[in-house]
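Notes to accompany the following structure.
In what follows, every chain begins at residue 1, and chains take the letters A, B, ... in the order their sequences are listed.
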Amino acid sequence: MAEDKKKIPEPGDVSADALLDGLGDLPADGWSLTDGGALPVENAEAIPGADAPETAAEPEAAAEPEADEPEADEPEATVEPEATDEPEATDEPEATDDSADDDSADSGDEDEDEAEVAASTHDHSHDHGHSHSHDHSDHGGGSAPPPRQVSASVSGNGAVEGMLALFDHPQDILHAAEKVRDEKFAEWDVFTPFPVHGMDEAMGLSRSWMPYVTFLLGATGLATALTMQFGTMVFDWPIIVSGKPFAAWPSFVPISFELTVLFAGVGTALIMLLTAGLPKLKPKVRHRRLSSDRFGIWISAEDSKFDAAKTRTFLESLHPLEVREVRGES
Amino acid sequence: MATQAKDLTGYSVYKAGKGPLGGPMADREPLVTGGKSYKDVDDLIIRHVESFPGMKWWLAFGVSLTVLAFFLTSVFLMFGAGMGVQGINSPTGWGIDIVNFVFWIGIGHAGTLISAILFLFRQKWRTAVNRSAEAMTIFAVATAGLFPLLHVGRPWFAYWLIPIPNGRGPLWVNFNSPLVWDLFAISTYGTISIVFWYVGLIPDVATVRDRADNKWRRMLYNLLSLGWTGSNRAWRHYESTYLLLAGLATPLVLSVHTIVSFDFATSVLPGWHATIFPPYFVIGAIFSGFGMVVTLMVIMRSVFGLTDIITVNVLESMCKVIMLTGMLVGFAYSTEFFMAWYSGSAYEGFVFQNRAFGPYGWAYFIMFTCNAFIPQIFWFKKLRRNIYVMFVVSIFVNIGMWFERYVIIVTSLHRDFLPSSWGMYNMTFIDWGITIGSFGWFMTLFLLFTRALPTIAGFEVKATMNPDVATGRAK
């Protein structure tokens, strides 16, 4: 654990190989723009589904588990001296920002929204009080949220393996995926913490063929059950039980059903896991927050259309939070 | 807006002029309250995996282990001395082992019902409780599975139930026997429940892995998650598989207790030999399973601070299921009586008179009151949204459903056709030890689960959240 700590460039969200497993460390400021980074209004309009500036600093670090966090904060304190600010100092400007935005933003929104802002900032300060969280200080205290640029970064120092663009809203990545699909990339993928509805269409994937697998496995199970029951009761050693016929098919129904379900269920799950490429303990693309609250588009260098500069420009045009060039270890 | 847990009403929110044609629009209340972001949800549900368990957990674990020790002591005493230390006798040859077997299998029905049937019905509130309910199912089936082994008296011969090639001919099992059906039903149900549960766990275990700072911890959870990355090329098949598993598990849930009821219904004993048994058992199983889920969830949400996810709205939905299924079991009890009279069979008639007004009338009274009457207080919205009331009612449901199995088994057996072979059944110390002790086994497993794995299906919860709220865009 101790040696592990040393590798952590930034506590909490960014650490060690968590960023891109086995592909080298990331600059410590890798997240500074993306962590709750506020969205400028013009960008927000460009991104479908984002009808308003992102309220700065959602409680990212809210309710962090007590374990490990306090120690992890220490390196951060040197980078951001105001990390231990009074919670109120960082939160109150936000609240005013938000309400100001509220007035200017489109008026068609629910009237409860102001209440929501108040409530969430309240939450926020509460959590600050508990965990002295670290990653709000850079944007929380300012008057206006800094305009978002697409953060560019490089991890690793070997050959380029691909490009990863990170988003924070399921709608954003859905529309971004459609554009990547329309560019006719082949070796690419989308990483989401939960299945995003409509993503298969957005990626141009056909319907999963799993149902056919299930059907075949179920039929196998049924055949096994019937063979076993008729084979033993009728052919191998016929015995008269309570005067019933040897081939008493109604009493074979329950086991036939159960084995059908057993084969189909277990087999489908196993084949699904194999199809999904599991088990694969060292995946190429791994990011600590792709299983939590970030959505990533990955374009592999193996793709014939891949060109480091062009692909980066293309990905940046999708308005991600960040585009990261991923290099292998030299 | 960030609805707070205390603001939930259980009613839709009507907004005048927001509808597509200018009329009012009704919005359901959010499933996750408190304006949580995606990461907040992770923090909430993974916190108890990442931190050392608190005093409450250790206290509960200590009690569970003590009760488990009581169970093991009783079991070893029984195997040491022989089955004679149990209360079973002639005519009551099925005693506490079968009562507990049916009781625990019944408990195990809520998990898959919530995961599979409510998934097909698109009841999104299930995401708050499905993981724990599935775990509960697995542990309940694991508990139930012990009892046939105890019941056979010589568990080292239990493998005779399995149709494997053997040196006795080979002499095969009798596939006409409901006891063999039972073996297949229970083992299939247990296996499919574990598969369903594990498939659901994979993405959440990957989240635990990605949050881990410790190398060993990351390695362990990486192994458990099989290296899941959340690639949409995996999600595509994953979602399809989840739907298929739900479709397979739905008839499976209904089949399991149906087959358990065949153990009784295919006999010729009055009080057992009834065509109503399969639906009656299935409804009873769902009823008792939801009772146990409510008991566990009420405790869990307060111990782990999950009130923003397992909201009162979720618990209220479960209380509604309890109320409905409670009415249905009451209807089944009444139908049994009607059929006993309508059949014109003197034996049937006697068994039911004896059941309600005979020496075990007290058990019948407990059963009928706890199952058919007490849950009906959930007709009042205030009561079914009150945590304390629903906790007490769920305990009554557990008690009532245990007594239902006791009544069905003991009252039918102890006085059958010939008065000369009548007898009484009395539980011995060992019987009580096994019965109470089985809760220790169940709770020990459940507490270890809450310690090691996320108790809420995080990725499913996130998928039901409003993304604008969860990413902080809804101002």
message = Can you classify the ring geometry of B/His237 versus A/Trp209 as parallel (below 30°), tilted (30 to 60°) or perpendicular (above 60°)?
response =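 Tilted.
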pair [X]-[Y]: side-chain heavy atoms closer than 4.5 Å:
{"X": "B/Pro163", "Y": "A/Thr232", "value": "no"}
{"X": "A/Val261", "Y": "B/Ile192", "value": "yes"}
{"X": "A/Asp293", "Y": "B/Lys462", "value": "no"}
{"X": "B/Ser231", "Y": "A/Val190", "value": "no"}
{"X": "B/Phe175", "Y": "A/Met228", "value": "yes"}

query = Any chance the side chains of B/Glu239 and A/Ser208 put a donor and an acceptor closer than 3.5 Å?
reply =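 No donor-acceptor contact under 3.5 Å links the two side chains.
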ask   = Do we see a donor-acceptor contact under 3.5 Å between the side chains of B/Asn232 and A/Asp200?
value =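 A/Asp200 and B/Asn232 do have a side-chain donor-acceptor pair below 3.5 Å.
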I need the minimum non-hydrogen distance between [X] and [Y], along with the two atoms involved.
{"X": "A/Val266", "Y": "B/Val195", "result": "CG2-CG2, 4.0 Å"}
{"X": "B/Phe184", "Y": "A/Ile255", "result": "CD1-CD1, 3.6 Å"}
{"X": "A/Phe295", "Y": "B/Tyr38", "result": "CZ-CE1, 4.0 Å"}
{"X": "A/Met210", "Y": "B/Ser240", "result": "CB-OG, 3.4 Å"}
{"X": "A/Trp188", "Y": "B/Arg233", "result": "O-NH2, 2.8 Å"}
{"X": "A/Ser291", "Y": "B/Asp42", "result": "O-OD2, 4.1 Å"}

message = Strictly distance-based, threshold 3.5 Å: is any side-chain N or O of B/Trp235 a donor or acceptor partner for the main-chain N or O of A/Val196?
response =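 No, the answer is negative, given that no donor and acceptor are paired below the 3.5 Å cut-off.
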Out of [options], return the one with the most heavy atom pairs under 4.5 angstrom to chain A.
{"options": "B/Thr188, B/Leu245, B/Thr266, B/Leu183", "value": "B/Thr188"}
{"options": "B/Ala206, B/Gly458, B/Pro251", "value": "B/Pro251"}
{"options": "B/Asp204, B/Ile202, B/Leu171", "value": "B/Leu171"}

task = Decide yes or no on side chain to side chain contact (heavy atoms under 4.5 Å, CB included) for A/Thr214 and B/Leu248, but give the supporting numbers first.
result = CA-CA 10 Å; A/Thr214 310; B/Leu248 288 168; 4.0 Å; yes
task = Could you walk me through whether A/Gln171 and B/Asp468 pass side chain to side chain contact (heavy atoms under 4.5 Å, CB included), step by step?
result = CA-CA 9 Å; A/Gln171 282 302 317; B/Asp468 288 336; over 6 Å; no
query = Measuring heavy-atom distances to chain A, does B/Leu252 have an atom under 4.5 Å in its side chain, in its backbone, in both, or in neither?
reply =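 Both the backbone and the side chain of B/Leu252 come within 4.5 Å of chain A.
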key: Test log, rule side chain to side chain contact (heavy atoms under 4.5 Å, CB included), inputs B/Val199 and A/Met272   = CA-CA 10 Å; B/Val199 166; A/Met272 181 275 288; 3.9 Å; yes
